[in-house]
Amino acid sequence: MNYWLVKSEPFKYSYDDLVRDKKTFWDGVRNYQARNNLRAMKKGDQVFFYHSNEGKEIIGICEVAKEAYPDPTAKEGDWSVVDVKAKKKFKTPVTLKQIKDEPKLADVALIKQSRLSVMPIEKKHYDLILRMAS
DNA sequence: GCCAACGTTGGC
DNA sequence: GCCAACGTTGGC
C-alpha cells in the first residue's frame with residue numbers, strides 16, 4: 001500500500017465534484033515526474049486530495065480504482081491517467097499553513113516541490129495528516 | 001497581480 | 001551538452 005497526494009484547482013475539479021461523480025480519471029498531467037508517480041500507483045492506494053490556489057488544504061481522501069492507462073485527452077505524447085474514487089471527506093481539512101507549521105512535515109513534497117501535482121507521501125506523514133484532520 | 005521556483009525549449 | 005529564454009504553477 002502506497003500513499004499519494006494529488007492537486008487540483010477547486011474551480012476546475014473539486015473534491016465535491018469527485019463525490020458527485022463517485023469516480024473520475026485523473027487527466028491533464030503533463031509533467032514527467034507527476035506522470036511517473038501516476039504510473040507507480042497501485043489499485044487500493046490512498047490518495048490525498050489537495051485544493052490548490054483556492055483553499056490550499058487537503059480536503060479528503062480518494063482511492064486508486066484503476067491503475068495507469070493512456071490519457072484519452074492527450075492528443076500527442078505519452079501520458080497517463082488513473083481512475084480514482086471518492087473515499088472520505090475530512091471534517092476538518094488540513095491547511096497548507098498547518099502543514100508548514102508542523103516541523104514533522106517539513107520535508108513533504110508538497111512544501112519542497114510546490115509545483116509538482118502528483119507526489120508520493122510517506123506513511124508516517126500520511127498517518128500524521130490523518131490525525132490532524134480528525 | 002506579482003513573483004519565485006522550476007520544467008521545457010532551442011540556439012550554439 | 002550547456003545555458004539563456006520562456007512558460008507555467010501556485011503561494012502570497
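Chain naming here is simple, since letters A, B, ... match the order of the sequence lines and numbering starts at 1 in each. The structure displayed is predicted, hence computed values, not measured ones.
A cation-pi geometry, defined here as NZ or CZ lying under 6.0 Å from the six-membered ring centre and within 45° of its normal, does not hold between A/K88 and A/F90.
As a whole-Å value, the separation of A/E57 CD from C/dG11 P is 11 Å. Between the NZ atom of A/K112 and the C1' atom of B/dA5 there is a distance of 15 Å, rounded to whole Å. Straight-line distance from the CG atom of A/L116 to the P atom of C/dG11: 12 Å, rounded to whole Å. A/I58 has its CD1 atom 12 Å from the P atom of C/dG11, to the nearest Å. Atom P of nucleotide C/dG7 and atom CZ of A/R115 are separated by 13 Å, given to the nearest angstrom. Atom CD1 of A/I111 and atom C1' of B/dA4 are 16 Å apart (whole Å). Here the P atom of nucleotide C/dT8 and the CG atom of A/N53 are 15 Å apart, to the nearest Å. The CD1 atom of A/I99 sits 14 Å away from the C1' atom of C/dG10 (whole-angstrom rounding).
Screening A/R35, A/R30, A/R39 against A/D71 for a salt bridge (charged side-chain N to carboxylate O under 4.0 Å, His left out) leaves a single residue, A/R30.
Taking 4.0 angstrom as the limit, A/Y50 places none of its side-chain polar atoms (N or O) nearer than this to OP1 or OP2 of C/dT9. OP1 or OP2 of C/dG10 lies within a sub-4.0 Å distance of a side-chain N or O belonging to A/K7. Between C/dC12 and A/K100, a contact under 4.0 Å exists linking OP1 or OP2 to a side-chain N or O.
Taking only side-chain atoms of A/Q33, from C-beta outward, the nucleotide of B/dG7, B/dT8, C/dG11 with the closest atom is B/dG7.
The aromatic ring centres of A/W79 and A/Y69 sit 6.0 Å or more apart. If you look at A/Y126 and A/W4, their ring centroids are not closer than 6.0 Å.
As judged by a 4.0 angstrom heavy-atom cut-off over every strand, A/K97 is placed among residues making no nucleic acid contact.
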